[in-house]
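Written below as structure tokens is the structure these notes are about.
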Amino acid sequence: MARQLTENQQKFLEVLFDEAGGDVVLAKKLSGYSDKTPTRLIVEALKDEIAEATRTHFARSAPKAVMALVGALSDPTELGIRDKMTAAKDLLDRAGFIKTEKVNVESSGGLFVLPAKEGKNE
């Protein structure tokens, strides 16, 4: 069950990743909080909601990161492409689209014989 937020808290969360561009001080002003209200208190009260909004923002940005990676195939000489690809990969990792590696192990049974050890104790 979602907890009940004040009007200012709801507005803060709405503007944080839009008009405020992630700036919590600007989000505080845009959402109608008094200048005397400590930003720290707002963030502490909304830390779970801010974390969820952050995950949502990553999910919203993931398609753009995918397009940047695919675009690198079309124009690998684009200025700054290496940095752009690194940022896109990091964003996708944080959004939960992590690189997976598959290892295929096959066995037909039987016995595997190793050669004798060559040691100093012989």
Side-chain angles (χ1 to χ4, degrees):
M1 183 173 170
R3 72 182 177 122
Q4 191 67 20
L5 300 177
T6 67
E7 189 176 317
N8 283 1
Q9 288 174 324
Q10 290 173 353
K11 182 70 175 170
F12 180 89
L13 292 170
E14 288 172 15
V15 301
L16 182 59
F17 286 102
D18 290 320
E19 298 101 304
D23 183 337
V24 292
V25 175
L26 181 56
K28 177 178 94 170
K29 290 179 184 178
L30 292 172
S31 58
Y33 279 98
S34 162
D35 288 338
K36 294 182 181 185
T37 304
T39 307
R40 177 185 54 79
L41 293 180
I42 299 168
V43 172
E44 285 176 5
L46 295 172
K47 68 181 179 182
D48 292 337
E49 289 82 2
I50 292 171
E52 183 60 33
T54 301
R55 285 188 286 277
T56 300
H57 191 71
F58 269 126
R60 285 190 339 214
S61 302
K64 191 171 185 177
V66 168
M67 296 310 294
L69 291 174
V70 173
L73 297 173
S74 302
D75 186 8
T77 61
E78 177 186 340
L79 189 61
I81 193 66
R82 190 175 309 194
D83 293 333
K84 191 175 183 180
M85 288 182 63
T86 300
K89 285 189 246 177
D90 286 347
L91 189 142
L92 289 170
D93 284 348
R94 286 171 175 75
F97 299 99
I98 57 174
K99 178 180 174 184
T100 58
E101 293 185 24
K102 294 183 180 180
V103 177
N104 188 17
V105 178
E106 293 182 20
S107 174
S108 60
L111 183 63
F112 186 72
V113 180
L114 294 173
K117 275 176 112 177
E118 293 181 26
K120 296 178 183 177
N121 297 338
E122 291 182 11

Item checked: Side-chain cluster (under 4.5 Å, hydrophobic types only) that L30 belongs to, other residues ->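 Direct or chained contacts put L30 with V15, L26.
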Hydrophobic side-chain clustering at under 4.5 Å (ILVMFWY, transitive links): who's grouped with F58? Put none if nobody.
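L91, all in the cluster of F58.
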Say you draw a straight line from [atom1] of [X] to [atom2] of [Y]; how long is it, rounded to the nearest 0.5 Å?
{"X": "E49", "Y": "L46", "atom1": "CD", "atom2": "CG", "answer": "5.5 Å"}
{"X": "Q10", "Y": "S31", "atom1": "CD", "atom2": "OG", "answer": "11.0 Å"}
{"X": "H57", "Y": "I50", "atom1": "NE2", "atom2": "CD1", "answer": "13.5 Å"}
{"X": "K11", "Y": "E19", "atom1": "NZ", "atom2": "CD", "answer": "5.5 Å"}

**OP:** Taking atom CG of L79 as the centre, report whether more than 12 heavy atoms of other residues, nucleotides or ligands fall under 6.0 Å from it.
**Re:**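 Result for CG/L79: open.
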Practice item. For atom CD of E44, decide whether the heavy atoms of other residues, nucleotides or ligands shown that lie under 6.0 angstrom number more than 12. Key: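 Check passes, neighbour count above 12.
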For the side chain of K84 and the backbone of A72, is there at least one donor-acceptor N/O pair under 3.5 Å apart?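 Not at all, since once roles are kept as given, no pair shorter than 3.5 Å links the two residues.
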| said: Are V66 and L73 connected into the same hydrophobic cluster when the rule is that any two of I, L, V, M, F, W, Y join if their side-chain heavy atoms are below 4.5 Å apart? | reply: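 No, no single cluster joins them.
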Cluster check I81, M67: I/L/V/M/F/W/Y, side chain < 4.5 angstrom
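No: no chain of side-chain contacts under 4.5 Å links I81 to M67.
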For residues [X] and [Y], report the shortest heavy-atom separation together with the two atoms involved.
{"X": "A68", "Y": "A88", "result": "CB-CB, 4.3 Å"}
{"X": "P63", "Y": "A59", "result": "CD-O, 3.4 Å"}
{"X": "T54", "Y": "F17", "result": "OG1-CZ, 3.4 Å"}
{"X": "N8", "Y": "G32", "result": "ND2-O, 3.7 Å"}

Just so I know, are the side chains of [X] and [Y] near enough to count as touching, which here means a heavy-atom distance under 4.5 Å?
{"X": "D35", "Y": "K29", "value": "yes"}
{"X": "F12", "Y": "T39", "value": "no"}
{"X": "I42", "Y": "V24", "value": "no"}

**Asked** Going by the salt bridge (Lys or Arg N to Asp or Glu O under 4.0 Å) test, which pairs reach into residues 54-72, not counting sequence neighbours?
**Response**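 Applying salt bridge (Lys or Arg N to Asp or Glu O under 4.0 Å) to every pair that reaches into residues 54-72, excluding sequence neighbours, yields D18-R60, E52-R55.
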- Distance only, no hydrogens: is a donor on one side chain within 3.5 Å (strictly under) of an acceptor on the other, for D75 and T77?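 A pair is found: one side chain offers a donor N or O, the other an acceptor, under 3.5 Å apart.
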